[in-house]
Amino acid sequence: MSTLAALNFQNAASPLMEQLIFFHDHSMTILILIITIVGYNLISTYTNTNIDQHMLESQPLELFWTIVPSFILVFIGLPSIRLLYLLDEVYQPSITIKTIGHQWYWSYEYSDFLNLEFDSYMIPSNESENLNFRLLDVDNRTVIPFNTQVRTLISAADVLHSWTVPALGVKADAVPGRLNQV
């Protein structure tokens with residue numbers, strides 16, 4: 001669970017979330033390197049009083065500043081495309097959970113093995129104990145099996161909702177009339 005003033009991601013509970021965290025670190029390293037180099041060049045240009053005509057109109061320098069960003073984009077783009085395909089693919093799920101968002105609660109159906117349906121309401125603040133997370137705890141929690149492939153079908157009955165489990169790296173929109181799969 002995320003805590004106050006936490007700057008990092010939550011601990012990963014799935015291999016996909018670990019890959020998302022690795023990609024975030026990869027792209028942030030590249031961005032910090034670019035910002036450092038550009039900032040150094042700006043400061044050195046501002047403080048330098050020597051102006052060289054060959055440096056201002058240099059075709060090799062213009063070629064360098066045109067080609068290097070394309071390599072940087074490829075260096076960021078290829079891992080992100082791989083990660084998008086990994087996130088989109090569902091490999092033979094062991095169980096399917098149908099999730100339906102309503103105005104003030106969620107409905108869940110485990111229809112593969114059992115005809116089990118239940119509603120999950122948020123616990124009001126005045127009924128909450130000190131050990132519960134305020135405005136996050138519910139009366140019926142969804143149980144997900146460990147170390148298995150789980151497919152979740154997400155829809156809504158009335159308005160748009162957002163269904164997310166940050167530790168698993170899963171977030172999907174529940175749209176009325178549309179069935180999203182994660």
### Task
Work out which heavy atom in Val159 is nearest to a heavy atom in His161; give both atom names and the distance.
O-CD2, 3.1 Å
### Message
Suppose we screen for salt bridge (charged side-chain N to carboxylate O under 4.0 Å, His left out). Which residues come up paired with Arg178, at least two apart in sequence or across chains?
### Response
none
### Task
State whether the side chain of Thr152 and the backbone N or O of Thr96 hold a donor-acceptor pair below 3.5 Å, judged by distance alone.
no
### Message
Distance check, rounded to the nearest 0.5 Å: Ile34 atom CD1 versus Ile72 atom CD1?
### Response
4.0 Å
### Query
About how many Å separate CD1 of Ile30 and CG of Asp25, when rounded to the nearest 0.5 Å?
11.5 Å
### Query
Looking at side-chain heavy atoms only, is the closest gap between Ile100 and Lys98 below 4.5 Å?
yes
### Message
Can you list everything that forms a ring-ring contact (aromatic ring centres under 6.0 Å, His included) with Tyr105? Sequence neighbours excluded, please.
### Response
His102, Tyr121
### Message
Using the side chain to side chain contact (heavy atoms under 4.5 Å, CB included) criterion, which residues pair with Leu78? Sequence neighbours excluded.
### Response
Val74
### Message
For Leu168, is there any backbone N or O sitting under 3.5 Å from a side-chain donor or acceptor partner on Ser14?
### Response
yes
### Query
Rounded to the nearest 0.5 Å, how far does CG of Leu153 lie from CZ of Arg151?
6.0 Å
#### Entry: Full working for side chain to side chain contact (heavy atoms under 4.5 Å, CB included) between Met17 and Gln10
CA-CA 9 Å; Met17 187 59 191; Gln10 296 179 14; over 6 Å; no
### Query
Linking I/L/V/M/F/W/Y whenever their side-chain heavy atoms sit closer than 4.5 Å, directly or via other members, would Ile154 and Val143 fall into one cluster?
yes
### Listed partners of Phe64 passing ring-ring contact (aromatic ring centres under 6.0 Å, His included), at least two apart
none
### Message
Give me the atom names and distance for the closest heavy-atom approach of Ala174 to Ala156.
### Response
O-CB, 3.5 Å
### Flag side-chain contact, heavy atom, 4.5 Å: Ile35 against Leu33
no
### Query
Should the heavy atoms of other residues, nucleotides or ligands under 6.0 Å from CG of Asn41 be counted, would the total exceed 12?
yes
#### Entry: Separation between CG of Asn8 and NE2 of His24, rounded to the nearest 0.5 Å
9.0 Å
#### Entry: Listed partners of Phe75 passing ring-ring contact (aromatic ring centres under 6.0 Å, His included), at least two apart
His26
### Message
Keeping Ser120 on the side-chain end and Trp106 on the backbone end, is there a donor-acceptor pair under 3.5 Å?
### Response
no
## Note on the structure
dist Asp119:CG -> Tyr108:OH (nearest 0.5 Å) comes out at 10.0 Å
### Query
Between Gly177 and Ser155, what is the shortest heavy-atom contact and its length?
N-OG, 4.3 Å
### Sub-4.5 Å side-chain heavy-atom contact between Val165 and Trp163
yes
#### Entry: Residues in side chain to side chain contact (heavy atoms under 4.5 Å, CB included) contact with Ser80, at least two apart in sequence or another chain
Phe23
### Query
Hey, any chance Ile21 and Leu31 share a hydrophobic cluster, counting ILVMFWY side chains that come within less than 4.5 Å of each other, even indirectly?
no
### Task
Keeping the roles fixed (side chain from Asn180, backbone from Asp173), state whether a donor-acceptor pair exists under 3.5 Å.
yes
### Message
Tell me the closest heavy-atom pair linking Ala172 and Val182, and the distance in Å.
### Response
CB-CG1, 3.7 Å
### Task
Answer with yes or no whether the hydrophobic clustering places Ile144 together with Val138; edges join I, L, V, M, F, W, Y residues whose side-chain heavy atoms lie under 4.5 Å apart.
no
### Message
A quick test of your reading: do over 12 heavy atoms of other residues, nucleotides or ligands sit less than 6.0 Å from CG of Asn48?
### Response
yes
### Summary
Rounded to the nearest 0.5 Å, the CE atom of Met122 sits from the CG atom of Asp139 at a distance of 10.5 Å
### Task
Following the transitive rule for hydrophobic clusters with a side-chain heavy-atom cut-off under 4.5 Å over Ile, Leu, Val, Met, Phe, Trp and Tyr, establish whether Leu42 and Tyr40 coincide in one cluster.
no
### Query
Hey, mind stepping through Ile95 and Tyr110 against side chain to side chain contact (heavy atoms under 4.5 Å, CB included) and telling me if it holds?
CA-CA 8 Å; Ile95 188 169; Tyr110 294 87; 3.7 Å; yes
### Query
For the side chain to side chain contact (heavy atoms under 4.5 Å, CB included) test, which of Thr148, Asp112, Asn147, Val150 pairs with Ser94?
Thr148
